[in-house]
2 protein chains.
Amino acid sequence: MPVKSKDSRPGGRSARVRAAVHRATVDLVQEVGSEKVTIPAVARRAGVNPSSVYRRWGTTSALLADVAAQRQDEGTPELLGDLRKDLERAALWTLTDLSRPGGVAFFRAEVAPDVDERRAGLRECLERVSARFHAALDAAARRGEGAPPLERVLDHVVAPLYFRVVFSIPETNEDYARGLVAELCDSGHVAPSSPDPDPDPDPDPGTNAGQPTHA
Amino acid sequence: MPVKSKDSRPGGRSARVRAAVHRATVDLVQEVGSEKVTIPAVARRAGVNPSSVYRRWGTTSALLADVAAQRQDEGTPELLGDLRKDLERAALWTLTDLSRPGGVAFFRAEVAPDVDERRAGLRECLERVSARFHAALDAAARRGEGAPPLERVLDHVVAPLYFRVVFSIPETNEDYARGLVAELCDSGHVAPSSPDPDPDPDPDPGTNAGQPTHA
DNA sequence: CACTTAAAGCGGTGATCTCTGCTTTAAGAA
DNA sequence: TTCTTAAAGCAGAGATCACCGCTTTAAGTG
């Protein structure tokens, strides 16, 4: 009578099916849009039986939420210790996450599920996004630096990014994201303890952050 | 052979059916969400034959777009001649439009159609929204006043409103909308009637409309 | 009023989706 | 390796959807 973990059979075929379904979901979302993703279609493309998907995920909403959640947890940047740089990193990460294939579609997918689940999905999505910025702000506060409230960051950095990506407004690229952060930091609401602007020329190309070409 | 208008039979039963379908669409969108709205369902609730809806609108996307467009054209405010007041009006109108039952759902509906139509729908939605603000800015420019570029208004007023309504962030009310406009106008990028571009007004940006301490 | 005809209603067809018993495969433990 | 059983595959029922000829109604016109 093995009791082991909650996922009593996490490897082998199960894992293979899970991966195939995830990949197929991402592909389909960016091809036809998250609204038109159906379980039979995902199963077909994944080379998997539809009933397996139904048994595992139940609904397309749950499937999309699962994929989106795992997706958002990839490549999270770590803190550097400089508020402005940390905010920039978080902003660039947000932009990258939104801009990659299916990014907006997944955002919309999380917005889309059933009326009951909608609140929960949105809340989780918001939590996930603001967590990155909150970490940067919290670290700054812990260092004794002045930092804008999270709300201001959401309003003046995250919101414009979402808005512009959703509406495919041109020039929504990394420079633009950096500009939003700069504007926020220079708006007189932050007391910069170290007002040295850009002492080093980009020491971190880091996560390539890729091409912000609106998808 | 009567040629008259493009809508060769706009009144009577046709108008009745149109109205019933529109009402049913709005109801269903706010009840089950725009993704789950189907033509048979709308027809059932409207007491109308499904084929009539199929023939008139063709797809649910087209139907939703039609309803959303007509919806957005209701109750448009006129200009007062004062930039700040006009921007406030536009912001409040935007907030009201988004907040009423099904508001966000319709926004998403316009975002949602087929990959091909998506661009067009989004573009139209954006045009419609920014037109209100553009009118206010244009009038101000015509009066010789300094006015922020439309882009700034979209980023710092419209985007936060959309973001907060979509994510159901509390305290997103009229005071908050007014605060966004105030912050924009007082941020030193607008030259008020009295040309005093003091970069550091330090008036304790009192109009901090809502300061909801994060949700 | 009578007449024309746009538009709604009716019925049916094929396709797709959701979901469920039952069988088969293979992951994990002894 | 063998054994147990979680999970995948299979096949099919029931429901719904998108769509299309054909008939019927009534709006607009003279």
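In the text below, chain A, chain B and the rest are named by the order of the sequence lines, each starting its count at 1.
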Below 4.0 angstrom, N of the basic side chain to O of the carboxylate: do [X] and [Y] qualify?
X: B:Arg84; Y: B:Glu145; result: no
X: B:Arg132; Y: B:Glu127; result: no
X: A:Arg45; Y: A:Glu31; result: yes

**Study point:** Between A:Tyr54 and A:Asn49: side-chain donor-acceptor atoms closer than 3.5 Å
**Key:** no
Report yes if at least one side-chain N or O of [X] is closer than 4.0 Å to OP1 or OP2 of [N]; otherwise report no.
X: B:Tyr54; N: D:dC19; value: no
X: A:Arg55; N: C:dC19; value: no
X: B:Arg13; N: D:dT25; value: no
X: B:Asn49; N: C:dC10; value: yes

Revision key, fill the gap. From the candidates C:dA7, C:dC17, D:dA18, the one with an atom nearest any side-chain atom of B:Thr38 is D:dA18
Check your understanding: For the side chain of B:Ser14, counting heavy atoms from C-beta on, which of C:dA8, D:dA7, D:dA18 is nearest?
Key -> C:dA8
Revision key, fill the gap. note: B:Trp57, atom CH2; C:dA7, atom P; distance rounded to Å ~ 12 Å
Exercise for review: Would you kindly compare B:Arg16 and B:Ser51 by the position of their nearest DNA chain D nucleotide and give the one closer to the 5′ end?
Suggested key: B:Ser51
Check your understanding: More 5' along DNA chain D: A:Ser52 or B:Gly12, using each one's nearest nucleotide?
Key -> A:Ser52
